[in-house]
Amino acid sequence: MKIATWNVNSIRQREAHVLRWIGQTQPDVLFLQEIKCEASGFPALGFHAAGYKAEVVGQKAYNGVAVLARVPFRVVHQALPGLPPDDAQARYIEVEVNGITLIGIYLPNGNSRGDDGFAYKLAWMDHLVNRAQALLDADIPFVIIGDFNVCPTDDDFAPGSLSPTDALVRPETRQRFRRLLWMGLTDAIRAIHPHRSIYTFWDYQAGAWQRDIGLRIDHALLSPSLAEQLVSADPDKDERGLPQPSDHVPVVIRLG
DNA sequence: ATGCCGGGTCCTACCCGA
């Protein structure tokens with residue numbers, strides 16, 4: 001099974017990119033983040049013609065996640081369990097495929113709106129930890145994949161490109177990411193590439209792509225039994241060099 | 001130089017991203 005994630009920074013701007021990419025990469029399941037539209041604005045017809053069924057958790061202008069799949073799936077959750085019911089941010093989709101739970105996330109950045117914004121990020125991560133623990137307790141194999149907005153270690157961003165107070169690297173953020181690892185989840189990219197510097201995002205500004213000033217913030221975490229089946233995990237770096245790219249590239253994992 | 005580009009929207013000045 002081939003599972004992918006891609007923060008597309010507006011699906012309406014990136015529809016042709018995604019169509020071409022799924023044609024050449026043939027993922028079984030692709031999670032999208034920052035689609036920046038409501039479900040009614042999502043270009044589902046084109047993806048359907050390409051053999052993919054879509055499920056959309058949309059929001060006007062900001063956030064928004066979706067899943068495209070060419071294998072049958074069942075939608076389990078359209079919001080992160082534990083968040084208040086009036087939370088309007090579209091950042092979570094959970095589906096089940098063949099007894100495996102697949103969770104696509106767009107984790108809050110945490111740099112906006114001061115202390116409140118950072119507290120929201122940490123609370124979101126706490127609920128994600130709780131969801132992972134519940135699935136472990138139920139012995140359900142699962143993948144959490146998407147834009148985590150976390151650089152887990154100092155190897156995961158270009159030297160000097162982030163201040164130590166940035167919400168992507170702050171100790172409280174990394175502590176919660178480590179909690180996911182310590183409960184037994186495997187960081188798929190790092191399991192395959194333990195030492196290389198690997199990025200999944202390059203800012204549009206200041207020639208970040210040309211100077212290779214990037215971040216590794218898009219991740220796939222695997223529960224123990226799925227980690228044993230991990231074959232490959234790679235960002236598709238070439239996408240960043242194409243015309244009108246997203247600032248993130250796709251990440252693809254293969255389970256044997 | 002935390003807003004240099006590139007999305008979005010109460011349509012064009014301003015909010016947001018990492």
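Excluded from the calculations below are hydrogen atoms, water molecules and symmetry mates; all remaining heavy atoms, backbone and side chain alike, are included. Letters A, B, ... are given to chains in the order of the sequence lines, protein chains preceding strands, and every chain is numbered from 1.
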| task | Look at the side chain of T25(A) and the backbone N and O of P27(A), then say whether any donor-acceptor pair between them is shorter than 3.5 Å. | result | no
| request: Between Q13(A) and D247(A), name the one whose nearest nucleotide on DNA chain B is closer to the 5' end. | output: Q13(A)
| Residue met sooner reading DNA chain B from 5', once A206(A) and L168(A) are mapped to nucleotides | A206(A)
| message | Under 6.0 Å from the ring centre and within 45 degrees of the ring axis: does the NZ or CZ of R216(A) meet both conditions for the six-membered ring of Y199(A)? | response | no
| Under 3.5 Å, is there an N or O donor on one side and an acceptor on the other linking the side chain of N149(A) and the base of dA18(B)? | no
| Under 3.5 Å donor-acceptor pair, Q205(A) side-chain atoms to dG3(B) base atoms | yes
Contact class for [X] vs. all strands (heavy atom < 4.0 Å): base, sugar-phosphate, or nothing?
X       : value
N7(A)   : sugar-phosphate
Q244(A) : nothing
D147(A) : sugar-phosphate
Y106(A) : sugar-phosphate
R12(A)  : sugar-phosphate
L162(A) : nothing

Taking the [atom1] atom of each, how far is [N] from [M], in whole Å?
N       : M       : atom1 : result
dC10(B) : dC4(B)  : P     : 23 Å
dA1(B)  : dC11(B) : P     : 33 Å
dG7(B)  : dA18(B) : P     : 14 Å

| message | Does any part of the side chain of Q26(A), heavy atoms only, come nearer than 4.5 Å to the side chain of R70(A), both counted from C-beta? | response | yes
